[in-house]
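Keep in mind that this is a model prediction, so the values were computed, not measured.
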Amino acid sequence: MSSTAESESESESEPVVRPGWTGRFYEDFAPGDLYEHPLGRTISEADNTWFTLLTMNTSQMHFNHVYAEQSEFGRPLVVSTLTVAVAVGQSVTDLTQNAFANLGWDDIRMTAPVFAGDTLWSESLVVSTRESSSRPQAGIVTVRTRTINQHGTEVCSFLRTFYVHKRGAPALADVRPRPATPLTTRPASATRPATAPEQR
């Protein structure tokens with residue numbers, strides 16, 4: 001077979017679907033497991049201003065530089081609820097991609113100030129797991145999450161409890177639609193139907 005024929009044969013072969021990360025299930029959690037969530041997030045001044053105003057927080061410590069300069073910090077603080085929201089978001093890929101309900105946040109502590117320009121990372125320790133008595137296809141997991149800044153200083157911590165599906169739960173049925181046409185390695189122009197030249 002010529003190299004051209006081999007190339008055409010390869011380009012027309014069926015692609016191999018490589019499943020992406022689908023998250024953890026109840027069976028995957030065990031007390032004592034520590035997950036270092038992979039993505040850091042730098043907080044910008046725009047993040048702080050937008051989140052503060054979006055949530056109707058009227059404390060000028062978060063959006064008024066002149067006001068904040070008079071404080072012991074000398075500049076605006078990042079609103080605490082944004083710090084918590086980022087910490088939760090950073091943990092989703094490891095903890096709650098297959099969760100369907102948060103049951104509570106407890107013992108929330110803001111242990112150091114956060115400023116625009118700080119970069120945050122989070123990690124979570126599994127504290128407990130238990131079967132659900134009312135939902136046999138799910139379990140309940142409690143974790144302690146903490147967030148550190150670029151200097152390794154803890155800025156936030158909390159306990160979080162959530163319901164998470166067990167592997168194979170009916171609610172996890174694949175809802176991804178199937179494409180109308182297959183994806184191939186050939187150029188898009190090669191798969192488009194020919195069109196008549198424009199009439200003038």
Side-chain angles (χ1 to χ4, degrees), residues 16-48 50-52 54-55 57 62 77-176:
V16 178
V17 177
R18 305 291 187 192
W21 173 243
T22 57
R24 291 186 171 87
F25 302 91
Y26 175 73
E27 298 92 333
D28 298 319
F29 294 99
D33 287 349
L34 176 66
Y35 297 113
E36 295 181 329
H37 310 309
L39 302 180
R41 174 66 154 83
T42 301
I43 306 300
S44 70
E45 188 172 325
D47 292 329
N48 191 35
W50 276 99
F51 194 89
T52 301
L54 178 68
T55 55
N57 186 327
H62 307 304
L77 290 172
V78 168
V79 61
S80 299
T81 46
L82 174 56
T83 301
V84 173
V86 168
V88 171
Q90 288 175 321
S91 74
V92 169
T93 188
D94 285 318
L95 303 180
T96 52
Q97 201 159 306
N98 292 310
F100 60 90
N102 281 302
L103 298 177
W105 283 269
D106 297 287
D107 195 26
I108 299 175
R109 297 177 181 274
M110 312 309 295
T111 46
V114 177
F115 303 102
D118 283 348
T119 300
L120 306 181
W121 280 269
S122 297
E123 58 186 5
S124 297
L125 177 67
V126 180
V127 176
S128 66
T129 62
R130 66 181 175 89
E131 300 276 342
S132 170
S133 57
S134 59
R135 294 173 173 84
Q137 297 298 325
I140 298 170
V141 177
T142 297
V143 300
R144 178 170 292 282
T145 297
R146 74 169 174 180
T147 301
I148 58 175
N149 64 17
Q150 65 274 20
H151 307 297
T153 302
E154 181 185 296
V155 299
C156 172
S157 69
F158 53 84
L159 282 173
R160 179 185 179 202
T161 301
F162 52 87
Y163 261 125
V164 62
H165 288 295
K166 292 181 178 178
R167 190 172 277 100
L172 297 174
D174 188 8
V175 296
R176 182 185 178 91

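- Shown here are the side-chain contact (heavy atoms from CB on, under 4.5 Å) partners of L103, two or more places apart in sequence or in another chain: I140, T161, Y163.
- The two residues C156 and T83 come nearest to each other via the heavy atoms CB-CG2, 3.9 Å.
- Contact between G32 and L125 at its shortest, heavy atoms only, is O-CD1, 3.6 Å.
- Judged by distance alone, the side chain of N102 and the main-chain N or O of F162 form no donor-acceptor pair under 3.5 Å.
- Counted by atom type alone, S124 and R160 present zero donor-acceptor pairs between their side chains at under 3.5 Å.
- Counted within 6.0 Å of CZ on R167, heavy atoms from surrounding residues, nucleotides or ligands total more than 12; the atom is thus considered enclosed.
- Atom CD of E131 and atom OH of Y26 lie 4.5 Å apart (nearest 0.5 Å).
- Residues V143 and V127 fail the side-chain proximity criterion, which asks for heavy atoms closer than 4.5 Å.
- Residues V88 and W105 approach most closely at CG2-NE1, 3.6 Å, considering heavy atoms.
- A distance of 11.5 Å separates OG of S122 from CD of E36, quoted to the nearest 0.5 Å.
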* To do: Take R146 and T111 through the test side-chain contact (heavy atoms from CB on, under 4.5 Å) and record every step on the way to the result.
  => CA-CA 10 Å; R146 74 169 174 180; T111 46; over 6 Å; no

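- Between T93 and P38 the shortest heavy-atom distance is CG2-CD, 4.0 Å.
- Legend: residues meeting salt bridge (Lys or Arg N to Asp or Glu O under 4.0 Å) with E27, ordered by chain and number and at least two apart, are absent.
- Between the side chains of H37 and D94, at least one donor-acceptor pair of N or O atoms lies under 3.5 Å.
- Nearest heavy-atom pair across T147 and A87 is OG1-CB, 3.1 Å.
- When all heavy atoms of A171 and H165 are compared, the pair lying nearest together is CB-CE1, 3.5 Å.
- Taking D106 as the reference, nothing meets the salt bridge (Lys or Arg N to Asp or Glu O under 4.0 Å) condition, with sequence neighbours excluded.
- A distance of 10.5 Å separates CZ in R24 from CG in N98, rounded to the nearest 0.5 Å.
- Enclosure of atom CD in Q97 by more than 12 non-hydrogen atoms of other residues, nucleotides or ligands within 6.0 angstrom is indicated.
- Contact of the H62 side chain with the L82 side chain is not registered, since no non-hydrogen atoms from C-beta on lie closer than 4.5 Å.
- Between R144 and D107 the shortest side-chain heavy-atom distance falls below 4.5 Å.
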* **Trace of the side-chain contact (heavy atoms from CB on, under 4.5 Å) decision for V84 with M110** => CA-CA 9 Å; V84 173; M110 312 309 295; 4.1 Å; yes

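- Once rounded to the nearest 0.5 Å, the distance linking CD of E123 with CD of E154 reads 9.0 Å.
- Distance CD/E45 to CD1/I43: 12.5 Å, rounded to 0.5 Å.
- Counting only heavy atoms from C-beta outward, the side chains of N57 and F51 never approach each other to under 4.5 Å.
- The shortest side-chain heavy-atom distance between N149 and L120 falls under the 4.5 Å cut-off.
- Checking Q150 against T119 by side-chain atom types alone, no donor-acceptor pair falls below 3.5 Å.
- Side-chain contact between T145 and Q90: absent, with no pair of heavy atoms (C-beta onward) separated by less than 4.5 Å.
- Here the CD1 atom belonging to I108 is positioned 9.0 Å from the OG atom belonging to S157, to the nearest 0.5 angstrom.
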* To do: For V126 and V141, run side-chain contact (heavy atoms from CB on, under 4.5 Å): C-alpha distance rounded to whole Å, both residues' side-chain angles, the deciding distance at 0.1 Å, then the answer.
  => CA-CA 7 Å; V126 180; V141 177; 4.2 Å; yes

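- With contacts defined as side-chain heavy-atom distances shorter than 4.5 Å, the pair N48/V78 qualifies.
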